[in-house]
Undergrad: 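Quick one: structure below, then a few questions.
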Amino acid sequence: MRSNIVTEAGLPTRFKQWWEGIPFLTSMVVAVCGVIYLVCLLVGYDSFSEVCFWPSAVLSKAQVYRVFTSIFFHGSLLHLVFNMLALVPLGSELERVMGSIRLLYMIVLLATSSAIFHILITLIAAYNPIVTYYHFMDECAIGFSGVLFSMIVIETSLSGVQFRNVFGLFNVPAKLYPWLLLVMFQLLMTNISLLGHLCGILSGFAYTYGLFNFLIPGSSFYSGIESSHWLSTCVRRPKYIMCTGGDPSGYIPTHTTRNTASSETLSGNMWANLSSWMPRREVAPQSAEENSRFPGRGRTLGATQTETVSSNASPDSSLQTRLLESGNSPVHPSTQEAIARNDRRQEGINTDTTAAVSVVSDEEIQKLVAMGFDKTQVEVAIAAADGDLNVAVEILMTQQG
């Protein structure tokens, strides 16, 4: 009897801990969807034709509100639970990296772009001269799953993983993961909106490939919203995540925001614009005179704290040379051991670069080069990161930040 009491008392506590661990916006979306379903259940509301995404009504009656009302309504308890359980890990990861207000903007953008894709495909299917499928015009779609498919594509792209696990059964290449889910849901479940999920995937890929960069505001836009008085109550919430920072230990890598004109005006290459909405990691200010290969600030032993390593020193110079630049200061035996270890590390970097790069495919290296990084810097960063692409990207972004 006692064990049953402990178990029953522990469930509310576990649920509270689980709920408190969900960031602000993600928990609000879950709460809104849950409350809407509960109210519909209590009042007996089932006229989803008034709120669903209905292409015919959107086009003929200009009922644009359906783009947003449709994503918060769900047809059954299983539909709601399944979508929300998928949203919690996806939304939490993205919100911790992007910030709460940026994730909100992204959801609005994804819902809108997915609806546009839906309309375009429906029109092509209904009015093409070869084979017409007019029934797509009268499909009534509800649920958050379209946005979820977009978020799956974005999270997979930003995480840099090569494989994804499908329901704990088997692994598939990350690029095929959303497409496999699309096919599996269509085959295993009934009354599933093929176009809703497909357009969510297309919207996610369009986002990751930079097609929406001209629609992504700069950091000042989000900072202005967060500093407004009408949002102060939300910002003060403990679960709210500011756009100026995130959790550096999150699974998705964070990148330093570039304070350049090109990133603020949403011009330049794709990666510069993509990194403009990533939160700044809290780092100590670095001196302008820092090593171009290994970022950081050095100081000679026996010198003052403000004395830094000369910018004219060779990047490959040993630690012993830099230590002796300040004069004939004595060197402790432990310092000599540190010097020897550093020299071996410097020599090992050059010899291990080829081995580390060989682990990473040429395709991955070319992707980083296409993002605007120098190939030599990419190879050195990969070697310094022991072949870990996420760490290598952080090194490269830190160097160019």
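We're numbering straight along the sequence, starting at 1. Just so you know, these numbers use all the heavy atoms, side chains as well, and skip hydrogens, waters and symmetry mates.
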Undergrad: Do other residues, nucleotides or ligands put more than 12 heavy atoms under 6.0 Å from the CG atom of Asn191?
TA: no

Undergrad: So do Asp138 and His135 actually touch side chain to side chain, heavy atoms under 4.5 Å?
TA: no

Undergrad: Just verifying a value: how many Å separate Phe221 CZ and Ile216 CD1, rounded to the nearest 0.5 Å?
TA: 12.0 Å

Undergrad: Could you grab the distance from atom OH of Tyr222 to atom CG of Leu104, nearest 0.5 Å is fine?
TA: 9.5 Å

Undergrad: With Lys175, which residues qualify under salt bridge (Lys or Arg N to Asp or Glu O under 4.0 Å), at least two apart?
TA: Glu363

Undergrad: Keeping Glu226 on the side-chain end and Ile101 on the backbone end, is there a donor-acceptor pair under 3.5 Å?
TA: no

Undergrad: Once the angle between the rings of Phe15 and Trp19 is folded into 0 to 90°, is it parallel (under 30°), tilted (30 to 60°) or perpendicular (over 60°)?
TA: parallel

Undergrad: Is it true that a side-chain atom of Glu95 and a backbone atom of Leu103 form a donor plus acceptor pair closer than 3.5 Å?
TA: no

Undergrad: Looking at Thr69, Leu195, Ile71, Ile119, which one forms a side chain to side chain contact (heavy atoms under 4.5 Å, CB included) with Phe53?
TA: Ile119

Undergrad: Do the non-hydrogen side-chain atoms of Arg164 and Ile152 ever get within less than 4.5 Å of each other?
TA: no

Undergrad: Please identify which of these residues, Arg96, Glu93, Arg237, Lys239, meets the side chain to side chain contact (heavy atoms under 4.5 Å, CB included) condition with Pro23.
TA: Arg96

Undergrad: Can you check whether Val153 reaches Trp179 side chain to side chain, under 4.5 Å on heavy atoms?
TA: no

Undergrad: Counting N and O atoms only, with roles assigned by atom type, does the side chain of Ser228 sit under 3.5 Å from a partner on the main chain of Ile225, one being a donor and the other an acceptor?
TA: yes

Undergrad: For Cys52 versus Ser49, what's the shortest heavy-atom pair and its separation?
TA: SG-CA, 3.8 Å

Undergrad: Return the OG1 to CD1 distance between Thr112 and Ile116, rounded to the nearest 0.5 Å.
TA: 6.5 Å

Undergrad: Do Gln63 and Trp54 have side chains that approach each other closer than 4.5 Å (heavy atoms only, starting at C-beta)?
TA: no

Undergrad: Rounded to the nearest 0.5 Å, what separation is found between the OG atom of Ser76 and the CG atom of Leu41?
TA: 11.0 Å

Undergrad: Could you state the interatomic distance from NZ (Lys61) to CZ (Arg66), rounded to the nearest 0.5 Å?
TA: 7.5 Å

Undergrad: How many angstroms lie between CG in Leu109 and OG in Ser114, if you round to the nearest 0.5 Å?
TA: 10.5 Å

Undergrad: Does the Ser157 side chain pair with the main chain of Ile154, one donor and one acceptor, at a distance under 3.5 Å?
TA: no

Undergrad: Please check: side-chain N/O of Thr26 versus main-chain N/O of Gly91, any donor-acceptor pairing under 3.5 Å?
TA: yes

Undergrad: If we only count heavy atoms from C-beta on, is the His118 to Val58 side-chain gap below 4.5 Å?
TA: no

Undergrad: Would you say Val29 and Val32 make side-chain contact, with heavy atoms under 4.5 Å?
TA: no

Undergrad: So do Asn83 and Cys33 actually touch side chain to side chain, heavy atoms under 4.5 Å?
TA: no

Undergrad: Answer whether the closest heavy-atom distance between the side chains of Thr122 and Leu59 falls below 4.5 Å.
TA: no

Undergrad: Side chain to side chain contact (heavy atoms under 4.5 Å, CB included) with Val147: which of Leu90, Ile107, Val108?
TA: Ile107

Undergrad: Where do Gly75 and Ile142 come nearest, in terms of heavy atoms and distance?
TA: N-CD1, 3.5 Å

Undergrad: Begin from the C-alpha positions of Tyr37 and His74 and carry the test ring pair (Phe, Tyr, Trp, His ring centres under 6.0 Å) through to its verdict.
TA: CA-CA 7 Å; Tyr37 178 78; His74 293 80; 7.8 Å; no

Undergrad: Which residue in the set Phe68, Tyr45, Phe72 passes side chain to side chain contact (heavy atoms under 4.5 Å, CB included) when paired with Val51?
TA: Tyr45

Undergrad: What is the ring orientation for Phe212 with Phe117, classed by angle as parallel under 30°, tilted 30 to 60°, or perpendicular over 60°?
TA: tilted

